[in-house]
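A short write-up of the structure that comes next.
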Amino acid sequence: MTMPLKLGIPKGSLQNATFALFKRSGWTINVNDRSYFPEINDESIECAICRAQEMSRYVENGTLDAGLTGKDWIAENDSDVHVAEDLIYSKVSARPARWVLAVPYDSPIKTLEDLEGKKIATELVQFTKRYFESRNITVKVAFSWGATEAKVVSGLADAIVEVTETGSTIKAHGLRIIHELMQTNTQLIVNRSAWEDPQKREKVEQIALLLKGALLGEKLVGIKMNVPQEKLAQVVDLLPSLNAPTVASLYQSDWFSVETVVGTNVVRDLIPELLKQGAEGIIEYPLNKVI
């Protein structure tokens with residue numbers, strides 16, 4: 001690549017999760033607390049750190065070729081960028097977050113229409129305004145920088161639009177969710193001109209492929225076991241697999257080695273069943289990437 005790909009890494013809550021994801025994908029990113037330009041073990045990439053809320057603006061205007069940010073902030077900035085890949089991960093879990101409308105538990109407000117003429121506090125100001133305007137509901141939307149739940153609890157707003165993954169924090173503040181505005185997740189976005197550059201596009205596609213493979217690898221594990229011939233069919237019948245399990249005969253033996261990939265959500269129940277059906281020497285191992 002004649003010019004390095006200028007890649008934006010989100011600062012703040014997503015930063016450490018992003019570094020860890022790149023590490024599993026094969027890139028090591030080292031950052032000095034006083035520097036906004038981390039080092040990466042790839043001469044064809046130059047990294048810069050900026051706030052996720054601003055990332056799509058810098059990608060759109062070409063300051064950055066590509067970057068990782070939330071679908072929500074792309075919508076908030078109404079940015080014209082190419083989305084190369086959806087990457088569902090966060091600082092807490094591997095599921096999409098939600099922007100929801102919440103009110104005090106004892107509030108008479110039940111629907112969006114009940115907010116006519118009311119005040120809403122949120123960090124997602126422009127998207128919230130457009131959302132209500134599209135439904136012909138007049139509201140006042142005020143910017144809130146942090147501690148948004150406290151705004152409605154203290155009476156500074158009638159409702160809030162806030163991001164949540166589980167809803168537990170909102171409930172803990174004595175609020176109830178009455179509407180979901182959008183689901184959001186991290187996206188790898190690209191400047192449209194950079195996407196038309198064959199070399200930069202190839203690099204972005206490589207990054208997207210390996211990051212997605214690392215995320216899939218988190219959800220799967222490999223298992224390997226030894227099975228006697230007379231128990232082989234019933235053990236194999238138990239095994240979920242990406243394709244078919246690998247079965248190989250052991251040297252000068254009527255035993256077989258069986259290996260496959262299964263979901264992390266099923267392996268804890270699967271292993272005891274495999275033992276019951278005659279499998280022995282079961283090994284479970286993590287997967288770095290699954291492509």
Side-chain angles (χ1 to χ4, degrees), residues 1 3-31 36-99 124 127 163 165 182-219 288-291:
M1 186 181 295
M3 293 290 291
L5 181 81
K6 294 175 289 185
L7 178 66
I9 304 294
K11 180 179 175 62
S13 60
L14 268 181
Q15 182 174 310
N16 289 338
T18 301
F19 286 171
L21 178 59
F22 270 82
K23 180 74 172 179
R24 293 196 305 276
S25 303
W27 288 281
T28 300
I29 302 175
N30 296 311
V31 63
Y36 286 91
F37 301 98
E39 296 179 353
I40 185 169
N41 60 337
D42 188 332
E43 293 181 354
S44 63
I45 300 175
E46 286 183 357
C47 288
I49 291 180
C50 72
R51 293 185 61 80
Q53 292 89 332
E54 302 172 315
M55 184 75 73
S56 66
R57 297 174 187 165
Y58 293 133
V59 172
E60 182 180 21
N61 68 25
T63 302
L64 296 169
D65 294 317
L68 293 103
T69 188
K71 179 180 176 182
D72 45 0
W73 299 116
I74 302 168
E76 171 71 0
N77 296 325
D78 199 20
S79 297
D80 180 20
V81 294
H82 176 78
V83 178
E85 192 62 71
D86 276 293
L87 302 166
I88 300 177
Y89 74 98
S90 74
K91 63 178 179 178
V92 176
S93 67
R95 57 180 154 182
R98 302 177 296 145
W99 281 91
L124 205 69
F127 176 84
V163 66
E165 291 185 31
M182 72 179 300
Q183 289 194 1
T184 183
N185 56 266
T186 305
Q187 293 184 321
L188 174 60
I189 58 173
V190 192
N191 173 271
R192 293 202 176 275
S193 295
W195 185 247
E196 296 303 318
D197 181 314
Q199 290 181 311
K200 289 184 177 180
R201 182 170 183 163
E202 183 178 6
K203 192 64 184 181
V204 170
E205 288 175 337
Q206 178 198 12
I207 294 170
L209 175 70
L210 296 181
L211 293 183
K212 193 172 182 179
L215 287 173
L216 181 56
E218 281 190 324
K219 300 176 183 178
N288 214 36
K289 290 185 285 291
V290 176
I291 307 296

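Sequence positions, counted from 1, serve as the residue numbers for this chain. Here the structure is a predicted model, which means the values were calculated and not measured.
Although no hydrogens or angles enter the test, the distance criterion places no donor-acceptor pair under 3.5 Å between the side chain of Glu46 and the main chain of Leu5. Of the possible donor and acceptor atoms, one in the side chain of Lys289 sits under 3.5 Å from a partner among the backbone N and O of Arg24. Using modelled atom types, one side-chain atom of Ser25 and one backbone atom of Leu210 make a donor-acceptor pair closer than 3.5 Å. Looking only at distances, a side-chain donor or acceptor of Thr184 sits under 3.5 Å from a matching main-chain atom of Lys71.
A heavy-atom distance below 4.5 Å is not found between the side chains of Asn185 and Leu87. Using a 4.5 Å cut-off on side-chain heavy atoms (C-beta onward), Ile45 and Ile207 make contact. Between Pro10 and Arg51, every side-chain heavy-atom pair lies at or beyond the 4.5 Å cut-off. Taking 4.5 Å as the limit, every side-chain heavy atom of Leu7 sits out of range of all side-chain heavy atoms of Leu64. With a 4.5 Å cut-off on side-chain heavy atoms, Tyr89 and Leu68 count as touching. With a 4.5 Å cut-off on side-chain heavy atoms, Phe19 and Val31 count as touching. By the 4.5 Å heavy-atom criterion applied to side chains, Ile29 and Lys23 are not counted as neighbours.
The distance from the CG atom of Asp197 to the CG atom of Asp65 is 8.0 Å, given to the nearest 0.5 Å. Here the straight-line distance linking atom OH of Tyr36 with atom SG of Cys47 works out to 15.5 Å at 0.5 Å rounding. To the nearest 0.5 Å, atoms NZ (Lys212) and CD1 (Ile88) are separated by 9.5 Å. Atoms CD and CH2, on Gln187 and Trp73 in that order, are 14.0 Å from each other to the nearest 0.5 Å. Note: Ser44 OG to Lys200 NZ = 11.5 Å, rounded to the nearest 0.5 Å. Distance CD1/Ile74 to OG/Ser56: 6.0 Å, rounded to 0.5 Å.
Salt bridge annotation for Glu196-Arg192: absent, with no cationic side-chain nitrogen under 4.0 angstrom from a carboxylate oxygen. Contact check on Lys203 versus Asp42 returns a salt bridge, with a Lys/Arg side-chain nitrogen under 4.0 Å from an Asp/Glu carboxylate oxygen. Using a cut-off of 4.0 Å between Lys/Arg side-chain N and Asp/Glu carboxylate O, Arg98 and Glu165 are scored as not salt-bridged.
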### Task
Apply side-chain contact (heavy atoms from CB on, under 4.5 Å) to Cys50 and Lys11, showing your working.
CA-CA 5 Å; Cys50 72; Lys11 180 179 175 62; 5.9 Å; no
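Residue Trp195 comes nearest to Arg201 through the heavy atom pair O-CD, 3.2 Å, listed as atom of the first residue, atom of the second, then distance. Here the closest non-hydrogen pair linking Gly62 and Lys6 is O-NZ, 3.6 Å. Taking all atoms of both residues into account, the shortest heavy-atom contact from Val290 to Gly217 is CG2-CA, 3.9 Å.
Asp72 and Trp99 share a donor-acceptor pair across their side chains, judged by distance under 3.5 Å alone. Judged purely by distance below 3.5 Å, without hydrogens or angles, the side chains of Asn30 and Glu39 never pair a donor atom with an acceptor atom.
Shown here is Tyr58, whose OH atom has no more than 12 heavy atoms of other residues, nucleotides or ligands within 6.0 Å.
Only one option out of Thr69, Asn77, Asp78 pairs with Arg57 in a side-chain hydrogen bond (donor to acceptor under 3.5 Å, both in side chains); it is Asn77.
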